4 protein chains.
Amino acid sequence: MALRADAARNRAAILAAASEAFAEHGPKATTEQVAQQAGVAIGTVFRHFATKDDLLVAIMKESLKRLATLADESTLAEFFTAVVDEAARTRMVVTALGESRLDIGDALRGLTDSVSRLLEQAKAAGEARSTVQVDEVMALLTAATYAARQSSWTTDLRQRTLAVILRGLR
Amino acid sequence: MALRADAARNRAAILAAASEAFAEHGPKATTEQVAQQAGVAIGTVFRHFATKDDLLVAIMKESLKRLATLADESTLAEFFTAVVDEAARTRMVVTALGESRLDIGDALRGLTDSVSRLLEQAKAAGEARSTVQVDEVMALLTAATYAARQSSWTTDLRQRTLAVILRGLR
Amino acid sequence: MALRADAARNRAAILAAASEAFAEHGPKATTEQVAQQAGVAIGTVFRHFATKDDLLVAIMKESLKRLATLADESTLAEFFTAVVDEAARTRMVVTALGESRLDIGDALRGLTDSVSRLLEQAKAAGEARSTVQVDEVMALLTAATYAARQSSWTTDLRQRTLAVILRGLR
Amino acid sequence: MALRADAARNRAAILAAASEAFAEHGPKATTEQVAQQAGVAIGTVFRHFATKDDLLVAIMKESLKRLATLADESTLAEFFTAVVDEAARTRMVVTALGESRLDIGDALRGLTDSVSRLLEQAKAAGEARSTVQVDEVMALLTAATYAARQSSWTTDLRQRTLAVILRGLR
DNA sequence: TATGAATGAGGGTTCATTCAT
DNA sequence: AATGAATGAACCCTCATTCAT
């Protein structure tokens, strides 16, 4: 029972370290880097996540789940802004949205559902035209997310770019 | 000090092969694959491009130059469409637009100039509102390009997504 | 200083599990597999057997002792047949007979003694020629045992092969 | 053309090193050990043999081919003796004969053919009874080979053991 | 200049063994 | 005494880059 606490702490540390490492170096960050960052031996990483890909998936799902939660508390415009903000910090958001090799389908579908709801609200509020469909919103989200990764992006540019997209949805 | 005829031919073959290889497998395509595709030994690849990154840069610059030329012959809307179409075929366009690690700054600036001109024309034609600036157009271009890479994209989705962006610019 | 009842039970369970695991996957079966099979944590395995090799030795000795007992109740021919039969089921018999790296010398000597007695009886019964010595019988036993491990062996082939050996001893 | 010579020399060195390493430590000898023994970097080993298993297979096939050649120049008795002699030196002969996981079927079949011929000759010469079949001869060969690996085997013991087998075939 | 074999650092993963609880 | 998480050396293999021919 006590050890479980240690293990849980390590698992969290690994996830945190992985988030950071992948955020900075993308998916090619080394498992050893993750281990080091987490203050843990390499074997411990593999005890918790049998494969590097498993670790990647875990982080992506976490990320997507966080976004889904966020979606449930925002308007479409707010959500777009928040996602892009996070993407500016983390390379993994976009990797998650754009990755097809790894099995994150469920989580992605969960997010799509949330966004779908947001879109309906936006339509009801007159902030999205009725012809717009979810898939293009998701596509635009992914797109914006990706662009936000550019190191040259200032807050100002981010706002102007988002404004164009949101205007286009109206 | 011009290259020997066969050297020039090799260089071209390598570039072509690299374009194809990277288009298909992304930047993680092997130099050996490139060499093979070019019908050349690896040593030859490295004689022409001292580093894999150098090769990557060369291709990206080529790509950006091609896009700049294209920009000079189109309207803004046509250009967007054309770029996104190419991106759907080639993974490198987006890598080029989104890459910050490699030094392709000047080529990117060249493209920005061309797009700048397109934007002015669009404004004059009433197809872009006057407050829009080049940097957000570039950002949107990058974004659209990235999203276009998704394997799930149909032509239809591509069109709808572009429509939103172009509408937003107006 | 006898073991606690539960400790004794664990020790037995581990030995049984190890027998099974090594029988199936050879000596490369994992200690973790053994622990799992025994329904015990790894730590417990290592408390009882300080080393994987120690565990291996224990099993081999057990195996050899069982064979010695068997020898005391059979004729030479019966014994050969029985051993080969068991070897066809279990990969460890042969490993035990053929192993030189691990220290199972005394157990092996015990078996040799038993076989020695069998041989004398066989000679008396006219089923083994007088010039035959124990060491070659042991060698033949090891040999037959090994060959019996081949997956391609049918019962028929086993019998014919044994027949040759037994005939040779006469 | 000149490099080919170097490469060939390296390939031979690797095979020789691997033979030795595997002979001494069995199939669990490290590829690094092989590389070192061959005076070559690890990459070179993998350039010549894409996989450790490939290297293993290569050596086994070499071994089996050598034996097949030998078979074509001997009587059954001589062949048995020679094989057992080689087995005493090399752990791989037996591994080769007993291995089923790796694809050495062809080579094994080749050897079986050769032995088949030997057996016919032996029958003609009255040194093998007519009821004996090839498969049991192969089995006995494998068996003898395995037993020969024992470190305790003296030349004398080897001869006596073989004598029993050969007598049994008659 | 071209060739392609050689190099070797580094990556993901396994597993016997240790140790905190 | 038992648990099971943590350790870390070792393994197989890849690939950008170098260098002898």
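A quick note: this is a predicted structure, and the numbers were derived from the prediction, not measured. A note on names: the letters A, B, ... follow the listed sequences, proteins ahead of strands, and every chain is numbered from 1.
Minimum atom distance to the side chain of D:Ile42 is reached by F:dC13, of the listed F:dG4, E:dT17, F:dC13. For A:Thr51, whose side chain is taken as the heavy atoms from C-beta onward, the closest listed nucleotide among E:dT13, F:dG4, F:dA1 is E:dT13. Listed nucleotides: F:dT17, E:dT1, E:dT14. Nearest to the side chain of B:Phe46: F:dT17. Out of F:dC12, E:dA5, F:dT7, the shortest distance to the side chain of A:Ala41 is found at F:dT7. The C:Lys52 side chain lies nearest to E:dA16 when the options are F:dC13, E:dA16, F:dA5. Across F:dA5, E:dT7, E:dA2, the shortest atom-to-atom separation from the side chain of A:Ala7 is found for F:dA5.
Nucleotide E:dA5 holds its C1' atom 5 Å from the CZ atom of D:Arg47, rounded to whole Å. Spacing between atom CZ of C:Phe49 and atom P of E:dA16 amounts to 15 Å, rounded to whole angstrom units. Atom CZ in B:Arg9 sits roughly 15 Å away from atom P in E:dT1 (whole-Å rounding). With rounding to whole Å, C:Gln36 atom CD is found 13 Å from F:dT3 atom P.
Taken to the nearest 0.5 Å, the CD atom of C:Glu20 stands 4.0 Å off from the CD atom of C:Gln37. Annotation: the span from C:Thr44 atom OG1 to C:Phe49 atom CZ amounts to 11.5 Å, rounded to 0.5 Å. Note that NE2 of B:His48 and CG of B:Asn10 are 5.0 Å apart. Values are rounded to the nearest 0.5 Å. Residue B:Ile104 holds its CD1 atom at 10.0 Å from CG of B:Leu111, rounded to the nearest 0.5 Å.
Proximity of a side-chain donor or acceptor of B:Lys61 to a complementary backbone N or O of B:Asp106 within less than 3.5 Å is not detected. When atom types are taken as modelled, the side chain of D:Lys52 and the backbone of D:Pro27 share a donor-acceptor pair closer than 3.5 angstrom.
In terms of phosphate contacts, D:Thr44 brings a side-chain nitrogen or oxygen within less than 4.0 Å of OP1 or OP2 of E:dT7. One finds a side-chain N or O of B:His48 lying less than 4.0 angstrom from the OP1 or OP2 phosphate oxygen of E:dA2. The side chain of B:Asn10 contributes an N or O atom lying less than 4.0 Å from OP1 or OP2 of E:dA2.
Between A:Arg9 and A:Asp6, at least one side-chain N (NZ, or NE/NH1/NH2) sits under 4.0 Å from a carboxylate O, which counts as a salt bridge.
Helical stems in DNA chain F, defined as runs of 3 or more consecutive Watson-Crick or G-U wobble pairs with donor-acceptor distances under 3.5 Å: E:2-21 with F:2-21.
If you find the closest nucleotide of DNA chain F to B:Ala50 and to A:Gly39, the one lying nearer the 5' end belongs to A:Gly39. Comparing A:Gly43 and D:Val40 by the nucleotide of DNA chain E that holds the closest heavy atom to each, the one mapping nearer the 5' end is D:Val40.
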Practice item. Go through B:Glu86 and B:Arg66 one step at a time and tell me if the side-chain contact (heavy atoms from CB on, under 4.5 Å) criterion holds. Key: CA-CA 11 Å; B:Glu86 176 159 352; B:Arg66 204 167 38 235; 3.4 Å; yes

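The stretch residues 22-35 of chain C comes close to DNA chain E through C:Thr30, C:Thr31, each having a heavy atom under 4.0 Å from the strand.
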